[in-house]
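Lettering follows sequence order; numbering is per chain, from 1.
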Amino acid sequence: MHLPAGLKDALAFWRPRKPPVPFAVQFKKFQIILERNNRILELMADMGDKLGGEYVFDRQYILTVCERLGDLVFKLISDLSVLTQRKNVELFLAFERIQHQIQEELAGRHSFPNLSLTLPMEELNRDASEEAGNKLANLGDIKNVLGLAVPDGFVITTKAFFDFLEHNGLPRLVEEGLDRWDGKDEQGLEDLSRDIRQRILQGEVPRPVLAQISAKLDALGARHDLRQALFAVRSSAWGEDTEFSFAGQYESVLGVPARRIAEAYKRVLASAYSPEAWRYRLHRGYLENEMAMAVGCQLLVDAEASGGLYTYVPLSLEREAIVINAAWGLGAPVVDGTAETDTYVLERAAPHAVRSLDTARKETSLLAAPGGGTELVPVEESRRNVPCLSPQRMEQLAQAAMTIERYYKRPQDLEWSFDRRGELYLLQARPLNIRPNEPEMCPLPGEAAREAEVIFSGRGTVAQQGVAVGKVFVVRDDEDLRNFPYGAILVTRHTSPRFSRVMRKAQGILTDVGSVTGHMATLAREYRVPTVVNTGVATALLADGEEITLDATQNTVFRGAIRELCRFELSAAEVFEESGEYRLLRRLLKRIAPLNLVDPHSENFKPGSCRTFHDITRWIHERAVEVLIGLSESHWRGVQATPRRLATGLPLGLMVIDVEGGLAAPQGAAEVQPAEVRSVPLSALLRGMDESGMWATEPVSVDLGSFMSSVTRTFSASGAAPQKMGRNLAVVSREYMNLHLRLGYHFTIVDAYICNRIDDNYIYFRFLGGVTDFIRRSRRARCIAEILERLDFRVEVHGDLVVARIKKLSLPRMREKMLVLGGLISYTRQLDVRLQNDEDLARHAEEFLQRIAPLLEVVT
Amino acid sequence: MNGPAQASAPRRRILVLDDEPIVCKRLKPAFQKAGYEVETFTDSVQAMARVEQEHFDAVITDLKMEGVDGMHFLARVKEVSPSTGVVVITGFATLETAKESFRKGAFDFVAKPFKLSDILETVRRVLGEESHG
């Protein structure tokens, strides 16, 4: 058979016997893999940044970026195939699977990722609204993102709803009934409604649904005593508690014993077909197949007092306030408007001073009846004229409410209860529409913003958009962080993952230094706290206690409180985070960015387990490094540049391959002295390791002992064949270094290029820790991230994997960064053993920065 | 003085044309907040009719839209109202399209995705206003 030469060459890679591909060629391929890998990670970070709201992007952007990413990942797999001379079928299959899911999302068919019939409370969030309905998805956010208490329980999903209808032959009956109905005859709709509801109430709950309900009850039983417990079984339909609130359209059943949940479930489902609810949907143009009812089953709060709350009530043009209604016992009568209730009016601004307090005479309260259901009980005389809430509880409630408002960027209509132990529970949150009917009625903030003094504008980068009004609180150390007041704006020098502690209390965040791809920025987006990083001037221009308005959408800081800006945002036609494009990008990122393949030693670290593009790139990177090390060990006789052992006092066991101009040692020498290293990155790194003195001052611990023994083994073998050496390898040229270092349990990769052309310079640092418990490992990762963020690296943390990058700095600055990395590698190699708690984390980061400071060449 | 115009001066008028509603939805409040009067269109025929009816100080237009050529729209706007500053926004930024936009009289050319603060800054420059900060 005659084949063109090029094709023959290409096919040669798949020949069973390895052809002697020159090491230089393999190494080139390896570098291409690293490069592509970095581009993929950068593109993913870029997509994540777009969720912050600073950029205007459209659907076209989403399509383009997905296409580019898919293309890069495909090529990356192909690169690996060339390097390893294997077909990597499993990787390609994983790629196809993910690519298919992305295409489905882009086509608007989001396949239910989760086909569960029930979901526990702790798994709910806004992304689960398809399965859990909007009401319970909102509660999921409130519990799982904002950290506020909601009653424990689970949701019976919309999948179960469809199964129920199907099982009882209802979809056909509904469809035929509506076809027959002329759209006007009220009696006709009522007859149809009665028929459907009866069939639901008499219908059979499918066996798998029942089985799932009891499984969830068993799980709850492990946390609560369910013998006396009663449940609130509540509707959570598609679209409920959104802009169309469907308020009061669907039924809730209170005081349901565990064994009667299925019955209550059917009552709630039936309420979806009440004439009122049906008319409401038809009136608003809902199609019949847009009706889906999930049902929440939550423990009924043993309520001392309950009620409703509006976060935003315009009392007059200038005065806006929080209004709370409250009564003793359960909240249903407050919401129905059937009970006498207290009314409290509070300031919207922290600390939410009470402006007026109107205490009603409360004759009765609704309580759970012991055997099930609820009953109206007379209130004892002594409590009738007493306010249901103390000022402290009012403030606590107001804080929770404003936290929710800030998150959703919409005024909120809330239901809440305090139980008999004084615990606050949120029962429901829905947006409150305050958009005036006449647009002219709403004064544009342009006027107000125009009068206001701009403190600074356009400085730094927006990590999360939004408007915040509050008092500046400058955080310098952990002590300040502990004292951080609710409702303040955090102003600080550096970004830090430590600030996650106050994320829920802060109105906004401003930093002098930091990047939008850092860990803190990700958290700010998760909590939706308006945040601008890298302003350069925040701590210099803003004083503790001064009131400011941060417009993180337009990136401007004003002196004083400009409430018009807040109001403008709260009444905007669409919240960015609710837009279709935002939600699509977020859903796509779930197929792309999460990292599931964290531990290379785990059984799941294999191509078949790759569930995202990040997983694929991670696996390939790991594999490529292994292959390269293997190659340098087994093929090194064929390589012109011979690996040489670095003769250093440090226990590194490092072999160095010089590609071009990286070493000054004579050819053929088996050893190279540190002074003979000409490679700029390696030489700086070694200096950092050596001169920082971080190896020597190590207190010897048990773990260190075992580490030393592994090092000793490496050393005693140093005279033996190179394949028995440690797996530590550096490939260098004058400007370049690619270092793979396994020290003890840790695995570090540094890839760097440093020369006189600023634009070419970069450092890529990756750290992955080994065997300790997960909490300590992630603490160590956070400690390293903290240090690197302070040194202006762009840092990403995925579990215990830290990736840090920096680029385009001058040669002396880059050399300084390498020096720091050398110190850091030395310092952190046993760090997890010493990180006993989160306080240690900050202390160690601080200690390291102080100890490394004298070595730095460039004054910052 | 930090705002885009004197307090007594009439508000500057801006028209935005982009066939993707999300772009209009995000630009409108951003410009309103900065004190401008804003009209947005996703349909170029309607936008053109409006331009012929009323004077706008600045026009922001997409280049590639379903069924319409943004370049044509740009040319028409400059024909009807030469004093109107036109900013072209596009997701398919090439040197060629940029050159052609400038030839047809565009004031500036901004690649999508862009930062809100950048487009605001560009419009301030179009209108010859002082910038913030």
Open item on the list: Would you call the rings of Tyr582(A) and Phe576(A) parallel, tilted or perpendicular, taking 30° and 60° as the class edges?
Closed with: perpendicular
[X] versus chain A, the contacting section by heavy-atom distance below 4.5 Å:
| X | value |
| --- | --- |
| Leu116(B) | both |
| Ile119(B) | neither |
| Lys115(B) | both |
| Phe31(B) | neither |

Open item on the list: Looking at chain B, which one of Tyr55(A), Phe57(A), Tyr61(A) has the largest number of heavy-atom pairs inside 4.5 Å, strictly under?
Closed with: Tyr55(A)
Residue [X] versus chain B: region with a heavy atom under 4.5 Å:
| X | value |
| --- | --- |
| Glu581(A) | side chain |
| Glu569(A) | neither |
| Val575(A) | neither |

- [ ] Determine, for Arg563(A) against Glu320(A), whether the closest basic-nitrogen to carboxylate-oxygen distance falls under 4.0 angstrom.
- [x] no
Open item on the list: Between Thr539(A) and Asp512(A), is there a side-chain donor-acceptor contact under 3.5 Å, judged purely by atom types and distance?
Closed with: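 Asp512(A) vs Thr539(A): donor-acceptor pair found between side chains.
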- [ ] Please determine if Arg125(B) forms a cation-pi arrangement with Phe107(B), meaning its NZ or CZ atom is less than 6.0 Å from the six-membered ring centre and no more than 45° off the ring axis.
- [x] no
Task: Cation over ring face, Arg12(B) and Tyr36(B), 6.0 Å, 45° - done: no
Open item on the list: For Arg126(A), is the CZ atom crowded, meaning more than 12 foreign heavy atoms sit under 6.0 Å from it?
Closed with: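 Atom CZ in Arg126(A) is crowded, with more than 12 foreign heavy atoms closer than 6.0 Å.
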